[in-house]
Amino acid sequence: MDTIDEQLDNAVAKVNDLTGQLAAAQENLETVTAEKATLEAINAELTDNLTAAKDKLATQEVELHEAHAQIERLKADAKSAEQRAAEFYGASAGRSEAVTPKGDPPTLPVAERFKALQSPSEQTLFIRSLSQAERAELFANF
């Protein structure tokens with residue numbers, strides 16, 4: 001058995017050892033607490049970034065759907081334009097145009113050129129482009 005002094009020395013040494021371990025544990029606790037605060041800040045930032053990315057994705061999906069709808073409208077308009085062009089140009093597609101030896105189309109009489117025009121605006125422009133003699137010829141045929 002140890003003497004009281006030895007026991008006291010052993011107890012003091014053990015207290016000193018435990019005090020050192022306590023100081024190291026407190027340092028580790030402070031380090032872990034600081035790391036925890038840093039990780040919580042990073043987590044909050046990442047959560048905000050995720051929310052912003054989800055909002056941006058939702059906005060882009062809406063824009064994508066709108067773009068697809070516009071593309072479909074444009075395709076439909078293009079088809080209808082193609083159909084109108086086919087109706088308009090398809091009637092004369094099978095016949096060839098007569099030309100002079102120079103390659104110019106023969107000049108039709110004024111009345112026939114006037115009758116070939118479909119819209120009133122085209123007819124008005126045509127009449128305005130005629131000379132006085134051509135106008136007289138056109139009005140003489142009506």
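No continuous path of hydrophobic side-chain contacts links Leu125 to Phe114 [ILVMFWY only; heavy atoms under 4.5 Å].
Taking the side chain as every heavy atom from C-beta outward, Gln21 and Asp17 approach each other to under 4.5 Å. For the pair Gln7/Thr3, no side-chain contact is recorded, criterion being any heavy-atom separation below 4.5 Å from C-beta on. Side chains of Glu134 and Arg113 form a contact here, defined as non-hydrogen atoms less than 4.5 Å apart.
Of all non-hydrogen atoms in Ile127 and Phe139, the two that sit nearest each other are CG2-CZ, 4.4 Å.
We find the CG-OG1 distance between Asn43 and Thr38 to be 12.5 Å, quoted to the nearest 0.5 Å. One distance of note links CD of Glu35 with CG of Asn28; it measures 9.5 Å at 0.5 Å rounding. Taken from NZ in Lys14 to CG in Asn16, the straight-line distance is 13.0 Å, to the nearest 0.5 Å. The OG1 atom of Thr124 sits 10.0 Å away from the CG atom of Leu117 when rounded to the nearest 0.5 Å. We find the OG1-NZ distance between Thr31 and Lys36 to be 14.5 Å, quoted to the nearest 0.5 Å. Distance check: Lys75 NZ to His68 NE2 gives 9.5 Å after rounding to the nearest 0.5 Å.
Crowding of Leu22 atom CG: a count of heavy atoms from other residues, nucleotides or ligands under 6.0 Å exceeding 12.
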